[in-house]
Amino acid sequence: MYLELIKKPNDIKQFNIEELEVLAEEIRSFLVEKISKTGGHLASNLGVVELTMAMHLNYDLPKDKIIWDVGHQSYTHKLLTGRKEGFNDLRTYGGMSGFPKRKESDCDAFDTGHSSTSISAGLGYVCARDILKEEYDVAAVIGDGSLTGGMAYEALNNAATLNSNFVIVLNDNKMSISQNVGGMSRYLDTLRTAEAYTDLKSAVETAVGSIPIGGDFMVQHIRKTKSSIKQLFVPGMFFEDMGIKYLGPVDGHDLKALNRALKEAKRVNGPVLLHVLTTKGKGYVPAEDNPSKFHGTGPYIIETGESLEASGKDSYTSVFSKVMVDIAKHDDKLVAITAAMEDGTGLDAFHKYFPDRFFDVGIAEGHAVTFAAGLAAAGMHPVFAVYSSFLQRGFDQIIHDVCLQNLPVVFAIDRAGLVGSDGETHQGVFDLSYLSLVPNMTVMAPKNKWELADMLRFATRLGAPVALRYSRGVAYDGFKEYRAPVVYGKSEMIYEESDIAILCVGNMFDSAVKVRRILKDIGYNCSLVNARFVKPIDEETITELSKNHRLLVTIEENVRIGGYGEKVQEFISDRNLKTSVLNIAIPDEYVEHGNVNLLRQEVMMDVETMAKRIINAFITE
């Protein structure tokens, strides 16, 4: 009823408190219903309904700027800015993004998708505002899980010097994606449970404020004094000691309390952190009971929360999970590392069986890489399981701390290639390029689930830095009979003919098989090679192929620049070999969100288009 009246930004301000409470329930029902059909980030969005409403009541959009850390919790924000109809095609190709997008709305102040960025971006807005002498408010919303990322502390340290208002809202739901970990989590626990401090602070301020003469002055003096009540009753006062005024904790599902707290926060002449306690999955029992499952979910049955996408087949992640446990049974030096993605990377089973050899470092990929390097230098065999797009955040550490010392760290890179609905910030299409340019790094990709198992065992025994990349979803289980031993730097010949040779990388093997079938049906001779190694490339096989193939075709789900195809092309050119090369890869652009099959059509990497491109290249060669 009330949700229907939200047509544009700031429409929420027309409702009274009783109507707002009904609106909150309408929003939750709407999100549960819509996401059950489209999939998306449910638990995090259900947890911030009242918080988002309070933000919209206290800020004037799009003039004021609200910056969402990660951004997957921005669904209520999108509803309150008039994008209700967009939820019919949420995260589908050509439809509304599941993350804030500046090109989608003026109310989205900053594109986000990775963690721990909002305070930095918000600080940039504040400094620009002050330099340009403009008048608008800025608020950054960051989760407690994101505070495990070092970038957040760098920004807090910088923000402490401000002499103008900057509100940092800490959405504390005790969760990142997996259960939150580390010292900051324990510190926040002390704040959450500091009821004695909260009650006493309120009572003292009320009593002192009621003194007829000088009471208000005394309250202000108490608030500003370093040795105030807060210092006495809450150990450390981490934020205030940094120079950030701390307010809270506040019930994140109490609109009245949130309104009061935000009004107070906006009056502070400097940086202020408002600590808000929320429940991830609030209002939908399956999501409250299992917030990790409903962090990012596919379509589900509303009544039970049961997934509608269960295939019963192995995913690459589940194969990795099983093999890690098996290796660890025979190698007591094998250790596993995750950056707050225990379930997503399949390390939950390893954690269960080998808790002393499992490490969750929080959302801190750069730290995870150097931590792995330290473990390796001390004689352990570390495997860092991480999503492709998140490993980008540890690039410097890969160069400086792992590869420079040639340490035996295995990077198990999940979600490599096109991942689909999460869009540009999550597509894993850069890893082959940025990893293979680093000296001492070996880069591999398996053609099917059997080869993933063999490559993981090979990687853990190599004694040098190794990146093993595999894609999201159901693992290809064809060509089991083609299981030649993994030999360093050697590709695998599947079909050997002449004229055209297709060299495919990892998850593109299934598509390459189908492309070859099309070419064979037309009458072309076509060899098929499973590249296996992206670095080093198999120079011997490429040289042999050039002798009786007029065209070499490379296929990889990675950007063309710096990828496998460019390496092959460079080798052919440097050796002056008499054959042409067609590189089929992601173009030099960011790939939008949508179904992977549709995205492949968009980047001209679907089976039919690739076959046409190969035929045209062969004819014109």
Angle between ring planes, His41 versus His295, binned at 30° and 60°: parallel, tilted or perpendicular? perpendicular

Do Asn595 and Tyr93 come within less than 4.5 Å of each other through their side chains, counting heavy atoms only? no

When you measure from the side chain of Thr370 to the backbone of Gln397, do you find a donor-acceptor pair of N or O atoms at a distance under 3.5 Å? no

Between Asp69 and Val141 (side chain of the first, backbone of the second, donor and acceptor by atom type, cut-off under 3.5 Å), is there such a pair? no

In sequence, state the C-alpha distance, the side-chain angles, and the governing distance for Thr278 and Asn171, and then conclude on side-chain hydrogen bond (donor to acceptor under 3.5 Å, both in side chains). CA-CA 7 Å; Thr278 61; Asn171 170 33; 2.6 Å; yes

Can you classify the ring geometry of His426 versus Phe390 as parallel (below 30°), tilted (30 to 60°) or perpendicular (above 60°)? perpendicular

Establish, from distance only, whether the side-chain atoms of Thr345 and Asp414 form a donor-acceptor pair under 3.5 Å. no

Check the angle between the aromatic planes of Phe411 and Phe384 and answer parallel, tilted or perpendicular using the 30° and 60° thresholds. perpendicular

Pairing donors with acceptors under 3.5 angstrom, does anything connect the side chains of Asp606 and Thr609? yes

For the side chain of Ser116 and the backbone of Ser146, is there at least one donor-acceptor N/O pair under 3.5 Å apart? yes

Between Lys352 and Asp348, does any NZ, NE, NH1 or NH2 come within less than 4.0 Å of an OD or OE carboxylate oxygen? no

Side-chain H-bond candidate by donor/acceptor type, Asn583 with Gln569, under 3.5 Å: yes

Just wondering, more than 12 heavy atoms not from Phe110 lying within 6.0 Å of its CZ? no

Which of parallel (below 30°), tilted (30 to 60°) and perpendicular (above 60°) describes Phe479 and Tyr476? tilted

